[in-house]
Amino acid sequence: MSDHRYRPDLAKKIEQRWQKHWQESGTYRQANPGDPGFDAHRPKYFGLDMFPYPSGSGLHVGHPLSYTAADIICRHYRMKGRNVLHAMGWDAFGLPAEQYAIQTGVHPAITTRRAIETFRGQLQRFGFCYDWDREFATIDEDYYCWTQWIFLELYETWFDKDAQKGRPIAELIAAGESGAIRIGIKNEPVTDGGRAWSELDADEKRAFLDGQRLAYLGEQTVNWCPKLGTALANEEVIDGRSERGEFPVVRKPLRQWMFRITAYADRLLAGLEDIDWPHSTKSMQTEWIGRSEGAEIEFRVVDQDRTLRVYTTRPDTIFGATYMVVAPEHELVAEALASNDDPMLHAYVEAARNRSDLERIESKEKTGVFTGFMAHNPATQKDVPIWVADYVLIGYGTGAIMAVPGQDQRDWDFAKKFELPIVRTVKPPADFDGEAFTEEGPAQNSAFLDGLGIADAKRGIIEWIEENGHGTAHVNYRLHDWLFSRQRYWGEPFPIVWDEQGRHWPVGRDALPVQLPEMADYQPIESDEPQPLLAKAKDWLYTTAGEAGVDGLPHDAKVRRESNTMPGWAGSCWYYLRYADPSNKERFAAREIEQYWMAGPDGKSQGVDLYIGGAEHAVLHLLYARFWHQVLFDRGHVSTPEPFGKMFHQGMITGHAYQRADKTLVPIDEVEERDGQSIEVATGEAVTEIVAKMSKSLRNVVNPDDLLEEWGADTVRLYVMYMGPLSDSKPWSTDDVTGMLRFLSRSWRAMIDVDSGEPLNAGAADEQTERLLHRAIAKVGADIEKLHFNTAIAAMIEFVNGAKALTADQSNRFVRILAPFAPHMAEEIWHRMGGEGSVANATWPAFDEAKLVDEEVEIAVQILGKVRSRIRVPSDASKDALEAAALADPAIVAQLEGKTVRKVVVVPGRLVNIVAQ
RNA sequence: GCCGGAGUGGCGGAAUUGGCAGACGCGCGGGAUUCAAAAUCCCGUUCCUUCACGGGAGUGUGGGUUCGAUUCCCACCUCCGGCACCA
């Protein structure tokens, strides 16, 4: 009876022992520049995992998937001699934690800390090589102090358009004072025209500066979610519902803290070119930013003292603008309602207002009503009607368009329905039988533009528009400024106070953090009107300038704290920087430490070396974090222009479910296998097995704790990596896990005597085994770097299956390539074999190129592309030798009888193809 | 509708530059060991055809380029992800 076989029980014992040992001896602690024992000559590797949100329900199988991948990479580079930064922390502020606290009636500070404990415990049982000394949570005062500090940096930065760079507000003041800039009519900095800084009074100066800050108060139509009791960013609203909870969202004008992310639109686009990210994610960001070039054109409204400004990407078609359309929320509509009592108009606007975005999207049938106003088309000199219609959106461009039915299908549909005139200004080809013509063609019916192609016509008309004062060329973005305030409790307070005149003041850096007040009552106020929860904490809310640490006001001046909180994204925007230097009290991270881990010892690295995480954050976290990072870079606080040099998305782990004939789904526990058929127990009907998302309702969710209990961590790590390519979505199949346990068990048996538990050592090395080992070392190393973990594991399996008795030296090398994948087993064997220190610090084994090829190879001989025979030849056989050997092969000779050989194609080492007829 | 990605055995998947399709794992079949079972080990396992040797077909479908195509080109189908009246 062998007591030392590798089974789950032994695996768990080994795993617990080593996890304890690693923690106690600080095996995975990584020294920083300046620390004793730090080797500054080694290259760095910064492997980053997505910042987990510690929810009350614990880890999900998606976490171990991407975390194991990063763990293998980090362990591999460590063995290759790099300093590796790999840490874990907690994204702990935010709505879900607060919702969970409300459900359970326990304070979010408690539920969140508890959830963190659960998550940490679960992650530690996987044996990940995090440097736990670097752990922090966004709710730690030491951390959110710096989140507030970065907010103040954005507050004190303006974007210099000419330099395409964020600069300190102090430089803007200096430029004003020196006369280098003047203040234009739209309160923007200009070089000529406008007013001098000295002509402005104090309030005007303040308004000018506030209008330039990257963090500013904007009166905006925001996405208000009554159910969640908070406003949401555009990115958090999907089809008119909240991303979290899927509650209805309505539009509401609100004065809120905003980030001027639109100023960085071009920088955010340009930066994508320099980073190694999935193409799909780059294009999602590009589309989200939605840059387009065109013109803003002013149309005089007939008999009214106002103009109507439209944005168009096709100013060249202005001669075909036969009517105008404004969105129902456009201010001109309010004026129309006041001066026009047409019941149709009133009814339409009322209906449009009550129509949700969802309903608008669902029905593409064009609707609209004439407003009663006419606009003057400056190109045709004709007056055209202004309609209101909900196919024009208030949130894009100016909320108004010039309608050109001849060149725009939407306008065509509308014009047809309401019998509006259509003028084609681009000549379609003779055989064109479509409706609106949107392709390239010569201009017509367009006076001085006639005959020009679209690009030339655009240039010509923009010149004309600008010369005649009708408008200007304009670059438009779909991206909106980022709404940054939430009306909830569980978030970072803003480092801002309000004085009695209603002016806002920054809290001094020395007074940070502005602590989140303890509140017993954190129930949200479900309401149609925004009511920040922190306003209920009166003692905290009302204070003095001195107490709040505000410069520029008398010490005893009464102030009221900003009662909004930051959204969940705040903490995750910069956490990777804090991993570098998590306990720094003077700075978010010491300069030289940040520089080493982000830019590298040679300054050439583009931030994080590998960031593995889901694709669902493509336009949220990944865009926001880039924006903050670019601002910090412009202000000289970080050393790389981009935060994440390489990004990789893992696929989703799905589950199985069953489908009835009518396509409805059946949970897995309501189906039985009978005679090889899947039968729904309740009905006796046959159902088919399909792949479906894991969900509680289908009862196909896999719990990581159960997996660890049943198999042990090393087996589970191997299985999630072996399922398929990391980036693919793939179904969980518990039956397959056993294959990985068998592989580990065989590996163990190849190196350890299962009767005595002592390491095995064959007397002499078997040459074929040695070759297989070299091949495995080469393949595993190369595959890890390519993130091809499934084939790396297959290579190790092939080695173990093909190996004869191993020498101690062979075991020693094999256990080192196994170590990144199955670190506990590898550590155990390493020590039983008398290895020094931790296998995690052993060097990656070398291989000999010469041992990768066999001396003799079998190559295929084809006739007309079909394999007819195989011959064994020396692997370095020449072309001529191969051809001769192939033509001499008896099977080939027989096949060629009566045929003429026209050509022989020889690929050395691969095959011979004989063309014969 | 537009933009990505993907379609390979019963299942998950593998295939350097265009060069032996199905590595590796699961499952399944057969055998060894065992009183028996578990575990383990060995052999087999794309489909059709043949007693067999062998032959034929085959990487979503249809064409094309090539001595040779899972790989390149064209058209189409299906699935997944994203965007969607963006002027």
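Atom set for the values below is all heavy atoms of this structure, side chains included, hydrogens, waters and symmetry mates excluded. Every chain is numbered from 1 and lettered A, B, ... according to where its sequence line falls, protein lines coming before strand lines. Worth saying up front: this structure is predicted, and the values here are computed from it rather than measured.
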Legend entry - Proximity to the side chain of A:Asp736 - top-ranked nucleotide from B:G13, B:G4, B:G25: B:G25
Inset, instruction - Let me know the distance between NZ of A:Lys730 and P of B:G7, rounded to the nearest Å. - result: 14 Å
Inset, instruction - Determine the interatomic distance between C1' on B:A14 and the same-named atom on B:U65; round to the nearest Å. - result: 27 Å
Inset, instruction - Go through B:G4, B:G13, B:C24 for me and flag the one nearest to the A:Ser280 side chain. - result: B:G4
Inset, instruction - Mind checking A:Lys866 for me? I need base, sugar-phosphate or nothing, with any heavy atom below 4.0 Å counting as a touch. - result: sugar-phosphate
Legend entry - A:Asn913 side chain near B:G19 phosphate (N/O to OP1/OP2, under 4.0 Å): no
Legend entry - is_close_aromatic(A:Tyr323, A:Phe414), centroid dist under 6.0 Å: yes
Inset, instruction - Looking at every strand, decide which applies to A:Arg291 at a 4.0 Å heavy-atom threshold: base, sugar-phosphate, or nothing. - result: nothing
Inset, instruction - Give none if B:C79 has no partner; otherwise give the nucleotide forming a Watson-Crick or G-U wobble pair with it, both distances under 3.5 Å. - result: B:G5
Legend entry - Pairwise P distance for B:G62 and B:U71, with rounding to whole Å: 13 Å
Inset, instruction - Write down the partner of B:A32 under the Watson-Crick or G-U wobble criteria, each distance required to be under 3.5 Å. - result: B:U40
Inset, instruction - Assign A:Gln409 to base, sugar-phosphate, or nothing according to its heavy-atom contacts below 4.0 angstrom with the strands shown. - result: nothing
Inset, instruction - Using the P atoms only, state how far B:C73 lies from B:C48, rounded to an integer number of Å. - result: 34 Å
Legend entry - Out of B:C24, B:G13, B:G56, whichever nucleotide has its closest atom nearest the side chain of A:Asn790: B:G13
Inset, instruction - Nearest whole angstrom, please: distance from the P of B:G25 to the CE of A:Met796. - result: 13 Å
Legend entry - Of the listed nucleotides B:C26, B:A87, B:A84, the one nearest the side chain of A:Arg478: B:A84
Inset, instruction - Identify whether the glycosidic angle of B:G9 places it syn (within 90° of 0) or anti. - result: syn
Inset, instruction - Would you tell me if any nitrogen or oxygen in the side chain of A:Tyr396 comes within less than 4.0 Å of OP1 or OP2 on B:A87? - result: yes
Inset, instruction - Answer with base, sugar-phosphate or nothing: what part of the nucleic acid does A:Ser733 contact at a heavy-atom distance below 4.0 Å? - result: nothing
Legend entry - Ring-ring centroid check A:Tyr719 A:Trp732, cutoff 6.0 Å: yes
Inset, instruction - In whole angstrom, give the distance that lies between atom CZ of A:Phe743 and atom C1' of B:G25. - result: 11 Å
Legend entry - Spacing of the C1' atoms in B:U17 and B:G81 (rounded, Å): 31 Å
Inset, instruction - Taking only the side-chain nitrogens and oxygens of A:Arg742, find out if one of them lies under 4.0 Å from OP1 or OP2 of B:C26. - result: yes
Legend entry - d(CD1, A:Ile394; P, B:A87) in whole Å: 16 Å
Legend entry - Nearest-nucleotide 5' precedence on RNA chain B, A:Leu864 against A:Ile793: A:Ile793
Legend entry - B:G56 to B:G4 separation - P atoms, rounded to the nearest Å: 42 Å
Inset, instruction - Hunt down the Watson-Crick or G-U wobble partner of B:C72, both distances under 3.5 Å, from any strand shown, or write none. - result: B:G64
Inset, instruction - Flag the pair A:Lys417 and A:Glu365 as a salt bridge only when some basic side-chain nitrogen lies within less than 4.0 angstrom of an acidic carboxylate oxygen. - result: yes
Legend entry - A:Asp266 vs A:Tyr477, side-chain hydrogen bond (donor to acceptor under 3.5 Å, both in side chains): CA-CA, chis, key distance, verdict: CA-CA 10 Å; A:Asp266 284 341; A:Tyr477 300 94; 2.7 Å; yes
Inset, instruction - Please check if the side chain of A:Arg775 supplies one atom and the backbone of A:Leu852 the other of a donor-acceptor pair under 3.5 Å. - result: yes
Legend entry - Shortest side-chain distance from A:Arg5, nucleotide among B:C85, B:A39, B:C67: B:A39
Inset, instruction - Would you mind reading off the distance between A:Lys903 atom NZ and B:G19 atom P, rounded to a whole angstrom? - result: 16 Å
Inset, instruction - With C1' as the reference atom in both, quote the distance from B:C67 to B:C74 in angstrom, rounded to an integer. - result: 23 Å
Inset, instruction - For A:Leu726 and B:G13, give me the distance from atom CG to atom P, rounded to whole Å. - result: 13 Å
Inset, instruction - Send over the distance from A:Glu329 CD to B:C85 P, rounded to a whole Å. - result: 14 Å
Inset, instruction - With a 3.5 angstrom cut-off on both distances, give the Watson-Crick or G-U wobble partner of B:U46, or none if there isn't one. - result: B:A57
Inset, instruction - Would you mind classifying the nucleic acid contact of A:Ile797 as base, sugar-phosphate or nothing, using non-hydrogen atoms under 4.0 angstrom? - result: sugar-phosphate
Inset, instruction - Whole angstrom is fine here: how far is it from CH2 in A:Trp732 over to C1' in B:G25? - result: 14 Å
Legend entry - Proximal nucleotide (of B:A87, B:G19, B:G55) relative to the A:Leu911 side chain: B:G19
Inset, instruction - Classify the nucleic acid contact of A:Asn801 as base, sugar-phosphate or nothing, counting any heavy atom under 4.0 Å across all strands shown. - result: sugar-phosphate
Legend entry - P spacing across the pair B:A57 / B:G7, given as an integer number of angstrom: 25 Å
Legend entry - Side chain to side chain, A:Glu296 and A:Thr398, heavy atoms closer than 4.5 Å: yes
Inset, instruction - Report the residue (A:Met740 or A:Ala400) whose heavy-atom-nearest nucleotide on RNA chain B is the more 5′ of the two. - result: A:Met740
Inset, instruction - Could you let me know what B:A23 is paired to, Watson-Crick or G-U wobble, both distances under 3.5 Å, or none if it's on its own? - result: none
Inset, instruction - Return the nearest nucleotide to the side chain of A:Glu287; candidates are B:A87, B:G19, B:C3. - result: B:C3
Inset, instruction - Tell me what A:Arg746 touches on the nucleic acid: a base, only sugar-phosphate, or nothing, going by heavy atoms under 4.0 Å. - result: sugar-phosphate
Inset, instruction - Look at the side chain of A:Thr738 and decide which nucleotide, out of B:A21, B:G4, B:G27, has an atom nearest to it. - result: B:G27
Inset, instruction - For A:Pro278, report the nucleic acid contact type (base, sugar-phosphate, nothing); a contact means any heavy atom under 4.0 Å. - result: nothing
Legend entry - Pair A:Asp316 + A:Arg314: basic N to acidic O under 4.0 Å: yes
Legend entry - Charged tip of A:Arg5 within 45° of A:Trp748 ring normal and under 6.0 Å: no
Inset, instruction - Describe the nucleic acid contact of A:Arg749 in one word from base, sugar-phosphate, nothing, applying a heavy-atom distance below 4.0 Å. - result: sugar-phosphate
Inset, instruction - Sticking with atom C1', work out how far B:C24 lies from B:G9, rounded to a whole angstrom. - result: 14 Å
Inset, instruction - Compute the centroid of each ring, for A:Phe814 and then for A:Phe799, and state whether the two points are separated by less than 6.0 Å. - result: yes
Legend entry - Residue A:Asp735, side-chain heavy atoms: nucleotide from B:C26, B:G56, B:A21 that is nearest: B:C26
